[in-house]
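I have placed the structure first, in the form of C-alpha cells, so that the comments after it can refer back to it.
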2 protein chains.
Amino acid sequence: MQPSDSSQSGDRDFITCCRERGIKPTHQRTEIYRALMAREDHPNAETLYAAVKERVPTISLDTVYRTLRLFEEKGLVARVSTAGDSMRFDGNINRHHHFVCVQCHKVRDFYDDDFDRLKTPQTISRLGEIDSVHVELRGVCNDCQRQKRKKT
Amino acid sequence: MQPSDSSQSGDRDFITCCRERGIKPTHQRTEIYRALMAREDHPNAETLYAAVKERVPTISLDTVYRTLRLFEEKGLVARVSTAGDSMRFDGNINRHHHFVCVQCHKVRDFYDDDFDRLKTPQTISRLGEIDSVHVELRGVCNDCQRQKRKKT
DNA sequence: TCGCACATAGTAATAATTACTATCTGCGAA
DNA sequence: TTCGCAGATAGTAATTATTACTATGTGCGA
C-alpha cells in the first residue's frame, strides 16, 4: 500500500460503508472504489479495469464487473443512464443531475435546488411510486464546440 | 400490403418526413417506422425485428439496426437512455419526459409544462450549450408493486 | 493449525451490435 | 424498353461488452 494520508481516510470510510452493508472490504474492492471516486467522468468497467491494473496488476476484468454490480446492488455506486454505449458508473450517490454532451458523451455532475424540489405531476403518481428525480441536460460541451468551430 | 386506412395516412407522413431529410422511404424502412410508432414501450432492435418480421418475413436484423441508426441520425426517432440493458428507441420526438420502473425497466412517456419550463442554472450554462432538458422519474410501477405485495 | 465461506484470476460462453459482401431494386438516360 | 448505376438489403461473419464457470487463493474464527 502506498503512503497516502488522504486515501487512507477514504479507505476508512469505504471500510465503514462495507461493514454497514455486510460486504467484505477486500483489497481489490477498495482499489476499484478508489479508482471510481478519483474520477469525475463516469467511467465504464474497462476504463476502471485499466486504472486499477496500475496498482493491482493481477486484477481480472471479471472482478471489476462483479464488484461494480455488487456496489450498485448495495447502493454504494450508481449506474449512469446512457444512450447506447457501454454501461458507466457514478461514485457520487448524493442527489445530483447530469449534463451530457451529445458529441463526446462526457457526463458532468451538477447540483441544483430547483431541480431537486420539482413536484411530480398527478398523472405520473398514478403510474407508480416515484423514488427519485433525475434531470438530464443534453447539449454540446465547450470542448466539442471549440472543435466544431475549428473545422469550419 | 394490408388494407388499413389509418396506416396509409401514417405512411404518407413518413414518406414526407423522409423526403425532407433526403432518405429513401423503402418498404423495409416504412415497416420499421410503423412498428416503432405502434408501440408505447420503447422497444429495442430485437423486439422491432420480431414485429416487422410478421409483415416482411425476409427482413434481416442488420437492416433493423442500420435503419434505426439512420432514423436517429436524421432525427426521426430518439434513443432512450437506459442504465445498462440494450439500446431502446422512442418514436416520440416531441418534447416529453420518462417514468422508468427500476424493477421491470418499463419506460412510460409523459408531458409536463413545469418540467419543460425548467431554467438551467448559470453554473451549467458555462459547461456548454444546452439543447434539451429531460426529466427521468425513477420508481416502481404499479404492476411491479402488485407483484411485490403478492410475494410477501 | 485447520477448515470453511467467500473472493478472485483466468478463461470460456453468451448476448448485443456492427461490418462485410454479394445480390437486389428502382430510377434516370439512351 | 433496356442499360447501367447508386443505394438498399439479406445473410452471415466479426467484434465488442458482459456474464458465467471453475479451480485456486485468502482471511478469519474455532
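Below, all heavy atoms of this structure are taken into account, side chains as well, without hydrogens, waters or symmetry copies. Every chain is numbered from 1 and lettered A, B, ... according to where its sequence line falls, protein lines coming before strand lines.
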By nearest nucleotide on DNA chain D, pick out whichever of Ala45(A) and Asp62(A) is the more 5' one.
Ala45(A)
Between the side chains of His97(B) and Asp109(B), does any donor sit under 3.5 Å from an acceptor?
no
Base, sugar-phosphate or nothing for Arg69(B)? Non-hydrogen atoms, less than 4.0 Å.
sugar-phosphate
Rounded to whole Å, please give me the gap between CD in Glu73(A) and P in dT19(D).
12 Å
Can you find a side-chain donor-acceptor pair between Tyr111(B) and Asn92(B) that sits under 3.5 Å?
yes
When the distance from CD1 of Ile15(B) to P of dG26(C) is rounded to whole Å, what number comes out?
14 Å
Ser60(B) side chain near dG11(D) phosphate (N/O to OP1/OP2, under 4.0 Å)
no
Under the 3.5 Å rule, do the base of dA17(D) and the side chain of Asn44(A) count as making a donor-acceptor pair?
no
Between Arg88(A) (CZ) and dT18(D) (P), how many Å, whole number?
11 Å
On the nucleotide dT26(D), are OP1 or OP2 found under 4.0 Å from the side-chain N or O atoms that Gln28(A) carries?
no
If I take atom NZ in residue Lys53(B) and atom C1' in nucleotide dG11(D), what distance separates them, rounded to the nearest angstrom?
10 Å
Phosphate OP1/OP2 of dA16(C) contacted by Ser86(B) side-chain N/O (<4.0 Å)
no
Is the backbone of His42(B) close enough, under 3.5 Å, to the side chain of Arg88(B) for a donor and an acceptor to pair up by distance?
yes
Indicate whether any N or O donor in one side chain lies under 3.5 Å from an N or O acceptor in the other, for Thr47(A) and Asn44(A).
yes
For Ile59(B) and dT25(C), what is the distance between atoms CD1 and C1' respectively, to the nearest whole Å?
15 Å
Check this one for me: any side-chain N or O of Arg29(A) less than 4.0 Å away from OP1 or OP2 of dT8(C)?
yes
If I take atom CE in residue Met87(A) and atom P in nucleotide dA15(C), what distance separates them, rounded to the nearest angstrom?
16 Å
Rounded to whole Å, how long is the line connecting atom CG of Leu61(B) with atom C1' of dA16(C)?
9 Å
What nucleotide among dG10(C), dA8(D), dT18(C) has an atom nearest to a side-chain atom of Lys24(B)?
dA8(D)
Nearest whole Å is fine: how far is dT17(C) P from Tyr49(B) OH?
15 Å
Side-chain H-bond candidate by donor/acceptor type, Thr16(B) with Arg19(B), under 3.5 Å
no
Is there a side-chain contact between Tyr65(A) and the phosphate of dT18(D), meaning an N or O under 4.0 Å from OP1 or OP2?
yes
Strictly below 4.0 Å: does Thr26(A) bring a side-chain N or O up to OP1 or OP2 of dT8(C)?
yes
Please tell me if Arg66(A) has a side-chain N or O lying less than 4.0 Å from either OP1 or OP2 of dT8(C).
yes
